[in-house]
Amino acid sequence: MIVDIVTIFPAMVEAALAEGVVGRARESGLVDIRVRDLRAFTDDRHRTVDDMPFGGGPGMVLKPEPLFRAVEAIAIERGAPSAVILTTPQGKRFTHAEALRFSRLDRVVVLCGRYEGVDERVAATLVTDEVSIGDYVLTGGELPALVVVDAAVRLVPGVVGDEASIEHDSFVRGLLDHPQYTRPAVCRGLPVPDVLLSGHHAEIERWRRGQRVRRTLERRPDLLAAADLSADERRELNEWIKEYGDEGH
Ligand code: ADE
């Protein structure tokens with residue numbers, strides 16, 4: 001997977017991509033990520049990337065020309081991108097399904113939005129996917145771009161060592177994960193649930209399944225409607241609902 005991220009804060013984006021799982025994936029060549037400074041694609045002395053909005057109003061808008069030039073330069077260097085993503089609060093909500101779709105593309109360009117927005121001609125003609133990471137407004141699109149790239153890169157085969165851990169991800173089947181504990185068995189007087197120390201694998205799995213269903217019911221009932229539940233999980237869910245009611249969900 002080849003990823004190019006266009007930003008006015010390249011040092012910030014580069015720093016985040018140098019660490020951890022993504023940093024290792026880059027070093028091992030599983031992904032090729034480059035961070036591009038939008039100012040490098042300006043042509044004036046002040047390297048201007050933004051301007052006032054036509055029609056008036058507060059804030060500044062990212063100028064179209066540097067973004068067009070950036071994507072053209074990247075396409076010449078790397079080949080035509082399979083997707084050009086723009087991070088913006090106006091975008092479609094980012095989900096696990098979208099992360100999986102992006103992870104399967106060969107070449108992705110991510111444009112980090114900024115200020116009051118990005119000239120609409122860029123969104124209309126260059127961008128294939130406008131993406132929002134949630135219903136809140138950040139100061140810029142850099143953190144959302146890092147979220148999108150991180151979520152997609154970890155789904156590239158070989159990036160996460162234990163593939164089974166991806167299958168257990170909270171949003172793969174629409175259930176939140178069960179609680180986890182590690183040593184010591186008692187910390188600050190707080191014990192680990194006995195069942196986890198019992199060595200009974202079937203019992204442990206039953207307990208975890210119950211926890212996953214219960215947590216999802218309590219915290220994210222919206223996920224359950226679309227969840228891909230096993231027969232055991234469905235039975236568990238119905239028992240919880242019968243015992244505690246659905247509390248209006
Ligand atoms: N830029 C500012 N806020 C954003 C958000 N929530 N998602 C994507 N891009 C953004």
Side-chain angles (χ1 to χ4, degrees), residues 1-17 19-22 31 33-42 48-71 74 81-105 107-156 169-171 176 219-220 222-223:
M1 185 187 193
I2 293 177
V3 181
D4 290 272
I5 305 174
V6 181
T7 169
I8 56 167
F9 295 127
M12 167 191 175
V13 173
E14 187 58 67
L17 296 170
E19 306 281 346
V21 171
V22 176
V31 293
I33 307 177
R34 272 191 235 164
V35 181
R36 317 278 183 159
D37 185 350
L38 181 62
R39 292 187 196 281
F41 302 97
T42 57
T48 312
V49 291
D50 60 343
D51 206 340
M52 293 181 300
F54 275 126
M60 300 289 269
V61 176
L62 278 185
K63 288 160 68 68
E65 192 57 33
L67 288 162
F68 277 109
R69 285 210 202 108
V71 174
I74 291 164
S82 335
V84 178
I85 298 167
L86 172 66
T87 52
T88 161
Q90 275 65 248
K92 182 174 160 192
R93 176 81 71 87
F94 187 58
T95 60
H96 174 79
E98 291 288 277
L100 190 61
R101 179 166 71 85
F102 294 146
S103 76
R104 291 173 173 161
L105 300 176
R107 287 182 295 275
V108 175
V109 174
V110 186
L111 307 176
C112 302
R114 267 277 138 185
Y115 306 107
E116 290 303 305
V118 173
D119 188 289
E120 188 63 22
R121 289 165 289 189
V122 170
T125 64
L126 203 54
V127 169
T128 59
D129 297 88
E130 291 187 62
V131 171
S132 164
I133 61 163
D135 294 341
Y136 40 82
V137 179
L138 299 165
T139 55
E142 278 71 17
L143 291 170
L146 288 166
V147 166
V148 168
V149 170
D150 188 285
V153 165
R154 71 182 284 282
L155 297 175
V156 170
D169 277 352
S170 292
F171 299 105
L176 298 183
R219 300 179 186 180
R220 294 293 306 277
D222 56 303
L223 291 178

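Sequential numbering from 1 along the given sequence is applied to the chain's residues. Whatever order the structure lists them in is the order used to number ligands and atoms, beginning at 1.
Here the CG-CG distance, from Leu17 to Asp150, works out to 8.5 Å after rounding to the nearest 0.5 Å.
Using modelled atom types, one side-chain atom of Ser132 and one backbone atom of Gly134 make a donor-acceptor pair closer than 3.5 Å. Side chain of Thr128 to main chain of Val84: a donor-acceptor pair is present (N/O by atom type, distance under 3.5 Å, no hydrogens or angles).
For the residue pair Thr88 and Glu130, no side-chain donor N or O sits within less than 3.5 Å of a side-chain acceptor on the partner.
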Does the side-chain contact (heavy atoms from CB on, under 4.5 Å) test come out yes or no for Leu38 and Leu62, once each step is laid out?
CA-CA 10 Å; Leu38 181 62; Leu62 278 185; 4.2 Å; yes

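The immediate protein surroundings of ligand 1, defined as residues with any heavy atom under 4.0 Å of it, consist of Thr87, Thr88, Pro89, Val131, Ser132, Ile133, Gly134, Tyr136, Val137, Leu138, Gly140, Pro144.
Here Arg93 pairs with Asp135 under the salt bridge (Lys or Arg N to Asp or Glu O under 4.0 Å) rule; sequence neighbours left out.
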